[in-house]
Undergrad: 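Have a look at the structure that comes next, please.
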Amino acid sequence: MDTITWQHFEQTDIRVGTIVEVNDFPEARKPAYKLVVDLGPLGLKKSSAQITRLYTKEELVGKQVLCVTNLGTKQIGKYISEILVTGFENENKDIVLAQPAGKVPNGSKLM
């Protein structure tokens, strides 16, 4: 893996947000949810996440997650994703959400 400079890392805007809405995304090629995430001063942002195997819609609401907010939009079918909700692949190739160890204000930047 190539080394990047500190300045390159600083250009990645990773912030915490709280999932406030979760809907099914039946049009997605792989099973996914449509999420609405409250990023505090950045407002409500939409994302698609392939996390249906480990999380129910009900348990996701209220969960804080780490999001990349400056990648621009990505069209997934007819849905426009505005942020990337981050996670880690487990041994079964399912995505485990990246979360802060404790509650922090929505919109807080990863330092």
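The first residue of the sequence shown is numbered 1, and numbering continues consecutively from there. Only a predicted model underlies this, so the values are computations on that prediction, with no experimental measurement involved.
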Undergrad: Does Asp38 reach the main-chain N or O of Gly40 with its side chain, forming a donor-acceptor pair under 3.5 Å?
TA: yes
Undergrad: Going hydrophobic residue to hydrophobic residue with side-chain gaps under 4.5 angstrom, can you get from Val96 over to Val61?
TA: yes
Undergrad: Does either side chain, that of Gln64 or that of Asn106, offer a donor lying less than 3.5 Å from an acceptor on the other one?
TA: yes
Undergrad: Under the 3.5 angstrom rule, does the side chain of Glu89 hit a backbone N or O of Ile95 as a donor-acceptor pair?
TA: no
Undergrad: List for me each residue that meets ring pair (Phe, Tyr, Trp, His ring centres under 6.0 Å) alongside Phe88, sequence neighbours excluded, and say none if there are none.
TA: none
Undergrad: Can you get from Val22 to Leu97 by hopping between Ile, Leu, Val, Met, Phe, Trp and Tyr side chains that sit under 4.5 Å apart?
TA: yes
Undergrad: At what distance, to the nearest 0.5 angstrom, does CZ of Arg15 lie from CG of Leu39?
TA: 8.5 Å
Undergrad: Checking side chain to side chain contact (heavy atoms under 4.5 Å, CB included) between Tyr33 and each of Asn23, Leu60, Ile19, which is the one that passes?
TA: Leu60
Undergrad: Atom CG in Leu42, atom CD in Glu82: separation rounded to 0.5 Å?
TA: 11.0 Å
Undergrad: Could you go through the side chain to side chain contact (heavy atoms under 4.5 Å, CB included) check for Glu27 and Lys78 one step at a time?
TA: CA-CA 8 Å; Glu27 308 84 15; Lys78 294 182 179 180; over 6 Å; no
Undergrad: Hey, could you give me the CG/OG distance between Leu71 and Ser47, rounded to the nearest 0.5 Å?
TA: 10.0 Å
Undergrad: Nearest 0.5 Å please: distance from the OG atom of Ser108 over to the CD1 atom of Ile14.
TA: 13.5 Å
Undergrad: Would the distance check show the side chain of Thr86 and the main-chain N or O of Ala98 forming a donor-acceptor pair, the cut-off being under 3.5 Å?
TA: no
Undergrad: Would you say Asn90's side chain and Asn92's backbone share a donor-acceptor pair under 3.5 angstrom?
TA: yes
Undergrad: Are Leu44 and Val16 connected, step by step, through hydrophobic side chains (Ile, Leu, Val, Met, Phe, Trp, Tyr) whose heavy atoms are closer than 4.5 Å?
TA: no
Undergrad: Side chains of Asp13 and Thr69 only: does a donor on one sit below 3.5 Å from an acceptor on the other?
TA: yes
Undergrad: Nearest 0.5 Å, what's the NZ-NZ distance between Lys46 and Lys34?
TA: 8.5 Å
Undergrad: Counting only heavy atoms not in Lys109 (residues, nucleotides, ligands), do more than 12 fall under 6.0 Å from its NZ?
TA: yes
Undergrad: Supply the atom-to-atom distance Gln11 CD to Thr5 OG1, rounded to the nearest 0.5 angstrom.
TA: 7.0 Å
